[in-house]
S.K.: 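Sharing a structure below in structure tokens format, with a few things to ask.
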Amino acid sequence: MPFEDYWYVVAESAELARERVLARQVLEERLACFRGADGAAVVLRDRCLHRNAPLSAGVVRDGRLSCPYHGWTYDGAGRVVEVPAQAGPLPGHCSPPYPVIEQHGYVYVRLRRDAPADVRPFDMPHWREAGWTSLRLQNRFANTVANCVENFIDIPH
């Protein structure tokens with residue numbers, strides 16, 4: 001399966017607070033993460049449809065993300081719902097959100113929208129259960145995902 005079919009952690013649930021946008025990068029794709037009006041995590045491509053400005057530098061108000069450049073505003077479905085230079089939304093203008101799953105205190109994203117539905121994030125069956133502890137390690141490697149995976153699978157390395 002291509003790497004885009006898998007789920008990647010982009011934030012801890014508590015880190016993705018309302019009225020906040022986070023900039024993330026997964027497999028060379030820049031992402032803007034925020035909470036929509038219903039409180040659900042939303043992940044869009046980190047560039048405005050208008051002039052490619054980074055949406056992650058924008059502002060979230062009432063679950064809508066506004067671009068810092070000219071104020072184009074996106075809802076949780078990625079639709080352009082406000083353009084300050086004109087009255088109302090721009091029908092047909094949409095930056096489709098990436099698939100998101102929030103579970104076990106983490107926000108996961110998958111870059112391929114039509115990936116097999118049976119591929120799910122790793123389950124933590126004893127999450128917050130008495131007598132069990134969860135540990136998250138975070139490392140940064142100056143290499144490709146394929147090289148990192150190959151080296152971690154090869155135990156002597």
Side-chain angles (χ1 to χ4, degrees), residues 1-49 52-68 73-81 93-157:
M1 274 187 3
F3 289 123
E4 292 81 3
D5 287 3
Y6 293 99
W7 293 94
Y8 297 90
V9 172
V10 289
E12 293 183 26
S13 294
E15 178 183 23
L16 191 59
R18 287 187 180 269
E19 312 299 316
R20 182 173 186 202
V21 61
L22 300 175
R24 294 294 188 260
Q25 185 171 329
V26 173
L27 302 176
E28 306 300 322
E29 184 69 36
R30 294 176 191 265
L31 308 170
C33 312
F34 66 103
R35 292 205 178 271
D38 61 357
V42 176
V43 179
L44 301 178
R45 178 177 270 177
D46 191 9
R47 63 180 190 202
C48 182
L49 294 173
N52 289 325
L55 291 173
S56 61
V59 176
V60 179
R61 287 189 194 95
D62 301 322
R64 301 179 341 163
L65 176 58
S66 294
C67 176
T73 302
Y74 299 80
D75 67 7
R79 294 180 298 246
V80 177
V81 294
H93 284 69
C94 184
S95 178
Y98 290 101
V100 173
I101 292 178
E102 191 165 1
Q103 72 180 31
H104 304 309
Y106 296 102
V107 177
Y108 294 84
V109 68
R110 178 167 57 187
L111 298 182
R112 187 169 150 207
R113 292 174 180 89
D114 63 345
D118 62 337
V119 176
R120 306 282 298 167
F122 177 77
D123 188 37
M124 294 184 238
H126 301 288
W127 174 255
R128 293 199 173 153
E129 190 176 310
W132 292 86
T133 300
S134 296
L135 177 66
R136 177 176 166 232
L137 299 175
Q138 184 174 357
N139 296 303
R140 296 187 188 277
F141 298 96
N143 215 315
T144 67
V145 172
N147 284 343
C148 289
V149 169
E150 181 179 309
N151 280 283
F152 287 126
I153 290 172
D154 187 0
I155 302 301
H157 280 123

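Hydrogens, waters and symmetry mates play no part in the numbers below; they use all other heavy atoms, side chains included.
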S.K.: Give me the atom names and distance for the closest heavy-atom approach of Ser95 to Leu49.
M.R.: N-CD1, 3.9 Å

S.K.: Can you give me the closest heavy-atom contact between Arg79 and Asp75, atom names plus distance?
M.R.: NH2-OD2, 2.8 Å

S.K.: State the CG-SG distance between Leu55 and Cys33, to the nearest 0.5 angstrom.
M.R.: 11.0 Å

S.K.: Do side-chain atoms of Arg113 reach the backbone of Pro97 as a donor and acceptor pair under 3.5 angstrom?
M.R.: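 Confirmed, Arg113 side chain pairs with Pro97 backbone.
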
S.K.: Has the side chain of Arg30 got a donor or acceptor atom that lies under 3.5 Å from a matching backbone atom of Ser56?
M.R.: no

S.K.: Any side-chain heavy atom of His104 sitting closer than 4.5 Å to one from Asp123?
M.R.: yes

S.K.: More than 12 non-hydrogen atoms from neighbouring residues, nucleotides or ligands closer than 6.0 Å to CD on Glu129, yes or no?
M.R.: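 Yes.
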
S.K.: Find out whether Met124 and Tyr106 are in side-chain contact, i.e. whether some heavy atom of one side chain is under 4.5 Å from a heavy atom of the other.
M.R.: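 Met124 reaches Tyr106 side chain to side chain.
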
S.K.: Considering the options Pro68, Cys67, Pro54, which one meets the side-chain contact (heavy atoms from CB on, under 4.5 Å) requirement together with Cys48?
M.R.: Cys67

S.K.: Looking only at atom types and distance, does a side-chain atom of Arg35 sit under 3.5 Å from a main-chain N or O of Leu16, one as donor and one as acceptor?
M.R.: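 Flag set: sc Arg35 to bb Leu16 pair under 3.5 Å.
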
S.K.: Are Leu111 and Tyr8 close enough, and set up right, to give a side-chain contact (heavy atoms from CB on, under 4.5 Å), and what steps lead you there?
M.R.: CA-CA 9 Å; Leu111 298 182; Tyr8 297 90; 5.5 Å; no

S.K.: Check step by step if side-chain contact (heavy atoms from CB on, under 4.5 Å) holds for Val26 and Val10.
M.R.: CA-CA 8 Å; Val26 173; Val10 289; 3.8 Å; yes

S.K.: Does Val60 offer a backbone N or O that forms a donor-acceptor pair with the side chain of Arg18 under 3.5 Å?
M.R.: no

S.K.: Does the pair Asp5 and Val119 meet the rule for a side-chain contact (heavy atoms from CB on, under 4.5 Å), with working shown?
M.R.: CA-CA 8 Å; Asp5 287 3; Val119 176; 5.5 Å; no

S.K.: State, yes or no, whether a side-chain contact exists between Val100 and Val42 at a heavy-atom distance under 4.5 Å.
M.R.: no

S.K.: I need the minimum non-hydrogen distance between Phe122 and Gln103, along with the two atoms involved.
M.R.: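 Taking every non-hydrogen atom into account, O-NE2, 3.4 Å.
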
S.K.: Could you tell me which non-hydrogen atom of Gly78 sits nearest to which non-hydrogen atom of Leu44, and how far apart they are?
M.R.: CA-CD2, 3.9 Å

S.K.: On a heavy-atom basis, which atom in Gly76 and which in Phe34 lie closest, and how many Å separate them?
M.R.: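 So the two residues come closest at CA-CZ, 4.5 Å.
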
S.K.: Check the pair Glu4 / Arg110 against side-chain contact (heavy atoms from CB on, under 4.5 Å), numbers first and verdict last.
M.R.: CA-CA 6 Å; Glu4 292 81 3; Arg110 178 167 57 187; over 6 Å; no

S.K.: For a quick test of reading the model, state the closest non-hydrogen atom pair linking Glu102 to Ala41 and the distance between them.
M.R.: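 For Glu102 and Ala41, the tightest heavy-atom pair comes out as OE1-CB, 3.9 Å.
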
S.K.: How many angstroms lie between CG in Asn52 and CZ in Arg47, if you round to the nearest 0.5 Å?
M.R.: 5.0 Å

S.K.: Quick check for you: to the nearest 0.5 Å, what is the distance between His126 atom NE2 and Thr133 atom OG1?
M.R.: 12.0 Å

S.K.: Is there side-chain contact between Tyr74 and Val80, with heavy atoms separated by less than 4.5 Å?
M.R.: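 Sidechains of Val80 and Tyr74: in contact.
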
